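Quick notes on the structure that follows.
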Amino acid sequence: MYFSNSIISWYNKNARELPWRNTVNPYKIWLSEIILQQTRVSQGLPYYLKFIENFPTINHLASASENQVMKLWQGLGYYSRARNMHFTAKYIVQYYNSQFPENYNEILKLKGIGEYTAAAISSFCFDLPHAVVDGNVIRILSRYFGIEIPYDTSEGKKIFKNLAERELNVDLSAIHNQSIMEFGALQCVPKSPNCSVCTLSENCMAFNSNLIDLLPLKSKKISVKKRYFNYLIIENEDSTFLQKRNSGIWKSLYEFPLIEGDFTEEKLLKSDEFDEILQNSDFTIGFVSKQVTHQLTHQTIFAKFWHIKVSSFQNKKYKEVNWDCFIDFPIPRLIDKYLKNIEKVTN
DNA sequence: AAGACGGGGCC
DNA sequence: GGCCCAGTCTT
């Protein structure tokens, strides 16, 4: 209990004020936990506030259209989080009479909620004794107890889960879980933690063995793939054309007609894909952007935007959208950034 | 068990 | 350029 008590007492002096603290409203806790998956507080906070403002309750979220939900999520990434949350909101309204389930196994069954989020919700809202295991917890446990097993293996996952449960103060689950994550976010940070002011350093295995920079261990490395996107911004008077991505990256966001591949200008205009999009319409090639680089965690996207003027254009694959309504459509950051730049240049 | 899935910030 | 962030789902 020494470990838990130390962390909790640190928390009582150092915790930040955050809007999802001091509430046991499952909808608000759920939303904050989904937003904060793989996302820093500073990045997620504005999204949380926007969501609560637009959808104050689970019923508001359940009644919204997918485009509305995705539009609010635009720019935050990992869009399946928003799709799953929307699905689950509708599910809870329909099958649970709008009441969030109150036991761990029921919560864990919900789409978009895994072990971490189920433990967070069930401890924060219902005071159930489940330990959270996230990046913070893994980092702290691996350092404090000197665990030199990679956490991204089945063995590692088991060990950290068991250790987290062993160290959980079951009488103070909520505060224990909050404390350990806040401690990881503020004190036991990934790079160059300031151990000289750490109240746990005396008994920290990594600190005492000079292993802080080595732990936690990870087995896999990330590899980054290159992709080439050619977006056709087809301009017909006041409108343009969009399609919805239905798989892979940016699924359920909208984009301009896309030709993927590393083409020269000449080859692109002669390609079958280009023909298929423009079909028999009259067009003239207008402004062509320089190559824009969009860096993601697992891929680097090199994009070019081709402005194409048409007088009459028809292609059932694409949805004609007036530029005045364009803002209602959720779009990837890459496209949003490009259009904002163009606007700046033209004004 | 291994990949896929975003975007931002830090070094 | 590499790594990490209050992870989960699919294959």
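Naming: A, B, ... by sequence-line order, numbering from 1 per chain. Just so it is clear, the structure is predicted and the values come from calculations on it, not from any experiment. Excluded from the calculations below are hydrogen atoms, water molecules and symmetry mates; all remaining heavy atoms, backbone and side chain alike, are included.
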Subject >> Footprint string (nucleotides 6-11 of chain B, 5' to 3'): B base within contact, S backbone only, - free, heavy atoms under 4.0 Å >> reply: BBB---

Rounded distance in Å - [atom1] ([X]) to [atom2] ([N]):
X: A:I29; N: C:dA6; atom1: CD1; atom2: C1'; value: 11 Å
X: A:I212; N: C:dC3; atom1: CD1; atom2: C1'; value: 17 Å
X: A:N136; N: C:dC4; atom1: CG; atom2: C1'; value: 10 Å
X: A:F87; N: C:dT10; atom1: CZ; atom2: P; value: 11 Å
X: A:E115; N: C:dA6; atom1: CD; atom2: P; value: 19 Å
X: A:Q178; N: C:dA6; atom1: CD; atom2: P; value: 13 Å
X: A:F124; N: C:dA6; atom1: CZ; atom2: P; value: 12 Å
X: A:I34; N: B:dC5; atom1: CD1; atom2: C1'; value: 15 Å

Look at all strands and tell whether [X] reaches a base, only sugar-phosphate, or nothing, counting heavy atoms closer than 4.0 Å.
X: A:R21; value: base
X: A:Q74; value: nothing
X: A:W73; value: nothing
X: A:T153; value: nothing
X: A:R139; value: sugar-phosphate

Subject >> Residue-phosphate contact under 4.0 Å: A:T117 side-chain N/O, C:dG7 OP1/OP2 >> reply: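 It does not, given that no N or O in the side chain of A:T117 lies less than 4.0 Å from OP1 or OP2 of C:dG7.
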
Original post:
Is the shortest side-chain N/O distance from A:K157 to OP1 or OP2 of B:dA1 below 4.0 Å?
Top reply: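 The answer is no; no side-chain N or O of A:K157 sits under 4.0 Å from OP1 or OP2.
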
Original post:
Which ILVMFWY residues can you reach from A:L217 by hopping between side chains whose heavy atoms are under 4.5 Å apart?
Top reply: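 Once heavy-atom contacts under 4.5 Å are chained together, A:L217 belongs with A:L211, A:L214, A:L215.
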
Original post:
What's in the same ILVMFWY side-chain cluster as A:Y78, cut-off under 4.5 Å, chained through other members?
Top reply: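 A:Y78 shares its hydrophobic cluster with no other residue.
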
**OP:** Could you tell me which residues satisfy salt bridge (Lys or Arg N to Asp or Glu O under 4.0 Å) with A:R40, sequence neighbours excluded, listed by chain and number?
**Re:**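 Applying salt bridge (Lys or Arg N to Asp or Glu O under 4.0 Å) to A:R40 gives none.
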
Subject >> For A:E66, salt bridge (Lys or Arg N to Asp or Glu O under 4.0 Å) partners two or more places apart >> reply: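 A:E66 satisfies salt bridge (Lys or Arg N to Asp or Glu O under 4.0 Å) with A:K244 once adjacent residues are dropped.
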
Subject >> A:F207: ring-ring contact (aromatic ring centres under 6.0 Å, His included) partners, not counting sequence neighbours >> reply: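 So A:F207 forms no ring-ring contact (aromatic ring centres under 6.0 Å, His included) with any residue.
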
Using a distance-only test with no angle check, is there a side-chain donor-acceptor pair under 3.5 angstrom linking [X] and [Y]?
X: A:Q37; Y: A:T117; value: yes
X: A:N105; Y: A:N103; value: no
X: A:S179; Y: A:H176; value: no

Euclidean distance for [atom1], [N] against [M] (whole angstrom):
N: C:dT11; M: B:dG6; atom1: P; answer: 15 Å
N: C:dC5; M: B:dC5; atom1: C1'; answer: 14 Å
N: C:dA6; M: B:dC11; atom1: P; answer: 15 Å

Original post:
Closer to the 5' end of DNA chain C via nearest nucleotide, is it A:K111 or A:P216?
Top reply: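 On the 5' side of the pair lies A:P216.
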
**OP:** Map A:L110 and A:I222 onto DNA chain C by nearest heavy atom, then report which one ends up closer to the 5' terminus.
**Re:**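 Closest to the 5' end, via its nearest nucleotide, is A:I222.
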
Original post:
Out of B:dA4, C:dC3, C:dG7, which nucleotide sits closest to the side chain of A:K225?
Top reply: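 Shortest atom-to-atom distance from the side chain points to B:dA4.
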
